[in-house]
Structures are given as structure tokens and as C-alpha cells.
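When a ligand or atom number is given, it counts from 1 through the structure's own listing order. Keep in mind that what you see is a predicted model, and the values were worked out from it rather than measured.
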Amino acid sequence: MTIKDLLQKYKCKLDALDAELIIANSLAKSREFVLTYPENNITDDQLPLIEKDIARRIGGEPLAYITGRREFYGLDFKVNEHTLVPRPETEMLVEDALGLLRNALRNKDEDIVVADIGTGSGNIIVSIAKAMEDFKFEISNLKFIGIDMSGDALEVARQNAKAHGLDKEIKFLHGNLLSPILKPDIHNLGPGRLIILANLPYLSEDIYESAPKDVINFEPKTALYSPEAGLKHYRELFEQIKNSSVIRNLSSVTILIEYSPEQKELLEKIIPDFFPNAKSEFKQDLAEKWRTVKINLI
Ligand SMILES: C[S@@+](CC[C@H](N)C(=O)[O-])C[C@H]1O[C@@H](n2cnc3c(N)ncnc32)[C@H](O)[C@@H]1O
């Protein structure tokens, strides 16, 4: 059977792009190869494996779990059933963080820790560390940390950091929210600047229940759902920050989080309850939906 025959066979059951990418991935070739050489023969060994993957996709499994990869911020990331599939809208958090870091280059003597809470596949922190590679000697002490409560997700994040040559640059820590870095002196936090990034679970029960079947059936619920209108994780994070003596000793703290557009109003009310003196800046994404907030604490 040729590539063309196989594409023809599944034409009515599967999106052409998905079929091309599954075939390319199984043959360890690019999509361009599949499109350029439709007469290429698929061997009897290859065919059942490709058809098994095609059946998974027809069954609703996200393409990223079948190919084991997803592109994010121009980089290739390994993903699996323990990690969320990175979403394009999260690239905004990376952009926002890079804006802060480029500004920080003006004060080259400052120690800066960038902590990504709920790092998952490590897509956010790896993208930022990669983009800052050329500047790392300009900031005297720039540290990157990724935290997750899922040991399996952290394993994937470590592999992604290694694949991008950043395994020595990023420390991955296991634990609840910020707690792994809040123990005094353990990770040399302070007295410099801390940038906290978080794309924590934020789907309310209603939104989670109405999510597409491929999300509910295949992505980890622990990466998506949060009680209390989707904001329990962020409330807990704010509580940890508010009560931490380690954080009080820092010269500056900025929190950057991603949320669901309808949560903006609630966040506007909650943030001053935790941080009465903070300055918050809410931002919309390219589709003009509220997406991130930057909270400057000190
Ligand atoms: C929405 S996913 C984000 C994954 C990745 N950062 C991204 O942007 O695609 C949330 C992540 O937070 C982690 N998580 C959930 N609760 C946590 C907690 N209490 N402490 C640390 N990580 C947590 C989940 O395991 C998951 O990897």
C-alpha cells in the first residue's frame, strides 16, 4: 500500500492534516515527505502501527498524545498522558515574562529567580530559558525553577529541558505550588527579585464538564479543574505568597498568571483581598479575551 492509498482509505473518517501527521510521525519523516512522495510504499510492518494510531485519533485521542509531541513558542515539546497539551494562548505568558526579563537587563546586578508553578511538560520555563540563553551572562544571577505536584509530569519536563540543552539551567522541584522554594535558605531565594509564573488548573466545574470529549477523556483532570469557580489553586498560591516570610524579604515580587476570560471580574475582587497594595495589570489576548494578569507586589 502507498501513502496515497492510505490517505484515500481514511479520507472520510479523519481530517487530512491529522492523517498526514500520523503517517509522517510513524515513518519518522516530515509532513513534507508525506506530501511530496505519495507513491512511497508503506511496508507490512509499518501499516498495522500506522493504522493503530489512526484508530486512536478516530477514537478522539488528541494528536499530540499520539505523536508524543507538540510545538510551543517555536520549540518542540514531548508530551504524554501525564502532561497537559500546551495551548497556543499560553504563549502570551511567555511573552509577558520575557518583557519583564528584558526590562530587568537594565539592572544587571540583580539576582532574579523565575519560578513556573504547575510546569507540566515544562513548556513555559523551557521557552523562557531558551529565549534568555543569549542574555544569561548579562544578568549576574538568573535562575529558572519549574515546580509541579506530578512527579510524572516533572519527568517529562526534565526530558524537555535536556532536549533543548537546558538541563543545567532549570531546576525542577516536586511539591505543592510554591512550597518547595519557600523553605528558608533552601534554594537561595533572596534578597533579589522573584517572578512567579503560573498556568495552574483553572477550569470551573461547569466549564470542565462542557469541555470537548477529547479533553475530558484524555487530558489529566488534575491539570485542568479547580474548585471554587476555578480559582482554588490561585487562592492557595496567593495565600502562600501572602504568608511567606521568605517572600517578604525579597526586593521585588511579580506574579504572572493565566486564567479563563470570565474569571477576570472575580480576580479583580480577590487580588486586593490578598495584596491590598499590589498593582495589577490585566491583559487580553489577540482574540480580545482576558487572559493574563501581572501583579506587582513589592
Ligand atoms: C494547566 S496545567 C499547565 C501545564 C503547563 N504549564 C502548560 O502551560 O501547558 C497545570 C499544571 O499544574 C500542576 N498542578 C496542579 N495542582 C498543583 C499544585 N497544587 N502544585 C503544583 N502543581 C500543580 C498539574 O500537574 C499540571 O501540570
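Side-chain contact check for Y10 and E51: at least one donor-acceptor pair (N or O, by modelled atom type) lies under 3.5 Å. Inspection of the Y202 and E258 side chains reveals an N or O donor paired with an N or O acceptor under 3.5 Å. Side-chain contact annotation: T43 with Q46, donor-acceptor N/O pair under 3.5 Å present. Checking S150 against H82 by side-chain atom types alone, no donor-acceptor pair falls below 3.5 Å.
Of all the heavy atoms of H233, the ones lying under 4.0 Å from any atom of ligand 1 belong exclusively to the side chain. Using a 4.0 Å cut-off between heavy atoms, A153 makes no contact with ligand 1 at all. Neither the backbone nor the side chain of D116 comes within 4.0 Å of ligand 1, counting heavy atoms alone. At a 4.0 Å heavy-atom cut-off, ligand 1 touches T90 through the side chain alone. Only side-chain heavy atoms of I124 come within less than 4.0 Å of ligand 1; its backbone N, CA, C and O stay farther off.
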Just list the side-chain donor-acceptor pairs under 3.5 Å for residues 117-126, sequence neighbours left out, or say none.
residue: T119; atom: OG1; partner: D116; partner atom: OD2; Å: 2.7
residue: S121; atom: OG; partner: N123; partner atom: OD1; Å: 3.3

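The closest approach between S179 and ligand 1 stays at or above 4.0 Å for every heavy atom of the residue. Residue contacts with ligand 1 leave out I117, since none of its heavy atoms falls under 4.0 Å from the ligand. Using a non-hydrogen distance threshold of 4.0 Å, P201 registers as a contact of ligand 1.
In terms of protein heavy-atom proximity, atom 2 (S) of ligand 1 is closest to A223 O, 3.3 Å. In terms of protein heavy-atom proximity, atom 7 (C) of ligand 1 is closest to N123 OD1, 3.3 Å. N176 OD1, 2.7 Å is the protein heavy atom nearest to atom 19 (N) of ligand 1. Nearest non-hydrogen protein atom to atom 3 (C) of ligand 1 is N199 O, 3.1 Å. Summary of contacts: the protein heavy atom closest to atom 6 (N) of ligand 1 is G118 O, 2.8 Å. For atom 17 (C) of ligand 1, the closest non-hydrogen atom on the protein side is M149 CG, 3.4 Å.
If you number the atoms of ligand 1 from 1 as listed, the ones under 4.0 Å from a heavy atom of G120 come out as 4 (C), 27 (O).
Between Y234 and F238, the ring-plane angle classifies as parallel under the 30° and 60° cut-offs.
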Show, in sequence, the C-alpha distance, side-chain angles and deciding distance for Y65 and F218, and conclude whether the ring-ring contact (aromatic ring centres under 6.0 Å, His included) test is met. CA-CA 9 Å; Y65 289 150; F218 293 96; 7.3 Å; no
Report the C-alpha distance between K264 and E268 in whole Å, list the side-chain angles of each, state the deciding distance to 0.1 Å, and finish with yes or no for salt bridge (charged side-chain N to carboxylate O under 4.0 Å, His left out). CA-CA 6 Å; K264 186 209 174 211; E268 273 176 326; 3.2 Å; yes
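Looking at K11, K29, K4, R31 one by one, the single match for salt bridge (charged side-chain N to carboxylate O under 4.0 Å, His left out) with E20 turns out to be R31.
By the 3.5 Å distance cut-off applied to N or O atoms, L177 is counted among the residues near ligand 1. Of the N or O atoms in D148, one or more lie within a sub-3.5 Å distance of an N or O in ligand 1.
K283 places no side-chain N or O within 3.5 Å of a backbone atom of V293 that could act as its donor or acceptor partner. Side-chain N or O atoms of Y259 include one that pairs as donor or acceptor with a backbone N or O of T292 at under 3.5 Å.
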